[in-house]
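I have placed the structure first, in the form of structure tokens, so that the comments after it can refer back to it.
All of these numbers come straight from a predicted model, not from anything done at the bench.
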Amino acid sequence: MAKAPKPSEQRIVLEKINWQQFEALLAEMGANRATRFTYDRGRLEMMTPLAEHDRCHKLIESLILVLVDTANLRVEGYKAPTLQRRDLGIAVEPDTGYYIQHEAQMRGKLAIDLSTDPPPDIILDVSLSSSSLDRLSLYAALDIPEVWCYISQPGDDFFKGTLQLYCLVDHRYIESAQGFAFPFLPAKQILQFIDQSDALGLMTALRVLREWLQNIN
């Protein structure tokens, strides 16, 4: 018997949507919606993430929390924030935006307003299907210093994806083995953590990560 096709993240693209229509749709659907928006000067993509998407996001977030705890740093995280610039006609909703270097400026704020707030120091962007819009170029236009892109496929092997760390240099992204925020952490170590979480369980993987961090200090 043939296997049923793997579920995929649903993506719908609407054309010729002006900014007022985009804002009205944001207000109508509310902040607690599951759908994620990407808007690029008239084109609107709506994506509904799968359960695996959220699991990948939570795994990588647990790694970031251990990193800041070990380094005695503070972090402000915003899940699925709407990062928008009306003057540029763009908006994008990553999985999480993290403030580390600029944590003090964002402490206690409930939402990000890029007209007055600095952009997040790190963006986590998980993808289990390809976007029809160039989200990386939107992050660059918003001056996001560092983007972590975890790319995988839905199904049993979603922990077997790839990770790219992008650093903003001269207004464009350069893929790097290490990021700005944690220069001691290679991308391969993040993938190893995800693999260990799958094989050994999250708590064991976190313990191994802490031991590795202690040994490099």
Side-chain angles (χ1 to χ4, degrees), residues 3-9 32 34 36 47-81 93-103 106-107 120-131 135-136 139 144-167 175-217:
K3 292 184 179 180
K6 295 179 180 179
S8 181
E9 290 178 326
N32 295 323
R36 308 278 178 83
M47 183 273 288
T48 303
L50 297 172
E52 294 100 320
H53 187 123
D54 199 42
R55 287 184 66 188
C56 291
H57 156 250
K58 288 180 178 178
L59 272 181
I60 300 174
E61 179 163 78
S62 66
L63 175 140
I64 290 176
L65 294 178
V66 167
L67 291 174
V68 296
D69 180 60
T70 302
N72 198 29
L73 299 171
R74 300 188 63 162
V75 61
E76 283 286 342
Y78 294 82
K79 184 177 180 181
E93 294 184 327
D95 288 273
T96 310
Y98 299 99
Y99 288 89
I100 300 173
Q101 287 87 348
H102 295 92
E103 178 273 337
M106 299 302 295
R107 194 177 303 163
D121 299 306
I122 299 177
I123 285 299
L124 172 58
D125 195 312
V126 175
S127 177
L128 302 184
S129 61
S130 298
S131 173
R135 290 167 62 86
L136 206 58
Y139 291 139
I144 308 295
E146 183 173 342
V147 179
W148 295 17
C149 290
Y150 182 75
I151 303 170
S152 188
Q153 298 292 326
D156 297 335
D157 296 330
F158 69 96
F159 282 136
K160 308 298 182 185
T162 60
L163 180 79
Q164 283 94 35
L165 301 186
Y166 293 102
C167 296
E175 187 174 353
S176 176
Q178 294 91 15
F180 290 141
F182 308 108
F184 55 85
L185 181 74
K188 64 180 182 181
Q189 191 69 33
I190 303 172
L191 285 175
Q192 182 176 322
F193 168 77
I194 294 172
D195 187 60
Q196 289 173 339
S197 299
D198 181 33
L200 306 175
L202 177 57
M203 298 311 295
T204 299
L206 288 171
R207 185 167 60 251
V208 171
L209 174 64
R210 285 187 181 276
E211 291 172 354
W212 179 82
L213 290 169
Q214 290 169 358
N215 289 332
I216 65 172
N217 290 331

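Between Ala205 and Ser197 the shortest heavy-atom distance is CB-OG, 3.4 Å. The minimum heavy-atom distance linking Pro186 with Trp212 is given by the pair CD-CH2, 4.0 Å. Closest non-hydrogen pair, Ile123 versus Pro94, comes out as CG2-CB, 3.4 Å. For the residue pair Leu165 and Ala177, the shortest heavy atom distance occurs at CD1-O, 4.0 Å. Summarising the geometry of Ser62 relative to Leu202, their closest heavy-atom pair is OG-CD1, 3.7 Å, with the distance given to 0.1 Å.
Once rounded to the nearest 0.5 Å, the distance linking OG of Ser131 with CG of Leu136 reads 11.0 Å. In this structure, Ile144 CD1 and Cys167 SG are separated by 13.0 Å, a value rounded to the nearest 0.5 Å. Taking CG of Leu209 as the reference point, atom CG of Leu185 lies at 7.5 Å (rounded to 0.5 Å). Leu59 CG to Asp195 CG: the interatomic distance, rounded to the nearest 0.5 Å, is 11.0 Å. Put simply, CG on Asp125 and CD1 on Ile60 are 10.0 Å apart, with the number rounded to the nearest 0.5 Å.
When side chains are defined from C-beta on, Phe182 counts as touching Val68, because their heavy atoms get closer than 4.5 Å. Between Leu65 and Tyr98 the shortest side-chain heavy-atom distance does not fall below 4.5 Å. Side chains of Leu63 and Leu67 form a contact here, defined as non-hydrogen atoms less than 4.5 Å apart. At a threshold of 4.5 Å between non-hydrogen side-chain atoms, the residues Leu163 and Lys188 do not count as touching. In this structure, Phe193 and Leu206 have side chains that are in contact, with non-hydrogen atoms separated by less than 4.5 Å.
A search for side chain to side chain contact (heavy atoms under 4.5 Å, CB included) contacts involving Ser152 returns Leu128, Tyr150, Phe158, not counting sequence neighbours. Applying the salt bridge (charged side-chain N to carboxylate O under 4.0 Å, His left out) test to Asp121 and every residue at least two apart in sequence or in another chain returns nothing. Listed by chain and residue number, nothing satisfies the side chain to side chain donor-acceptor pair (under 3.5 Å) test with Ser127 (two or more places apart in sequence, or in another chain). Partners of Thr162 by side chain to side chain contact (heavy atoms under 4.5 Å, CB included), not counting sequence neighbours, listed by chain and number: Ile151, Gln164. Residues forming a side chain to side chain donor-acceptor pair (under 3.5 Å) with Glu103 (at least two apart in sequence, or on another chain): Arg107. A search for salt bridge (charged side-chain N to carboxylate O under 4.0 Å, His left out) contacts involving Glu146 returns nothing, not counting sequence neighbours. Remark: Glu175 engages no residue in a salt bridge (charged side-chain N to carboxylate O under 4.0 Å, His left out) (not counting sequence neighbours). With sequence neighbours excluded, the residues that form a side chain to side chain contact (heavy atoms under 4.5 Å, CB included) with Gln192 are Gln189, Gln196. Not counting sequence neighbours, the partners of Arg36 by the side chain to side chain donor-acceptor pair (under 3.5 Å) test are Asp95.
Among pairs with a residue in residues 53-69, those fulfilling salt bridge (charged side-chain N to carboxylate O under 4.0 Å, His left out) read Asp54-Lys58, Asp54-Lys79, Asp69-Arg210, at least two apart in sequence or across chains. Contacts classified as ring pair (Phe, Tyr, Trp, His ring centres under 6.0 Å) and involving residues 56-78 (residues at least two apart or in different chains) are given here: Tyr78-Tyr99.
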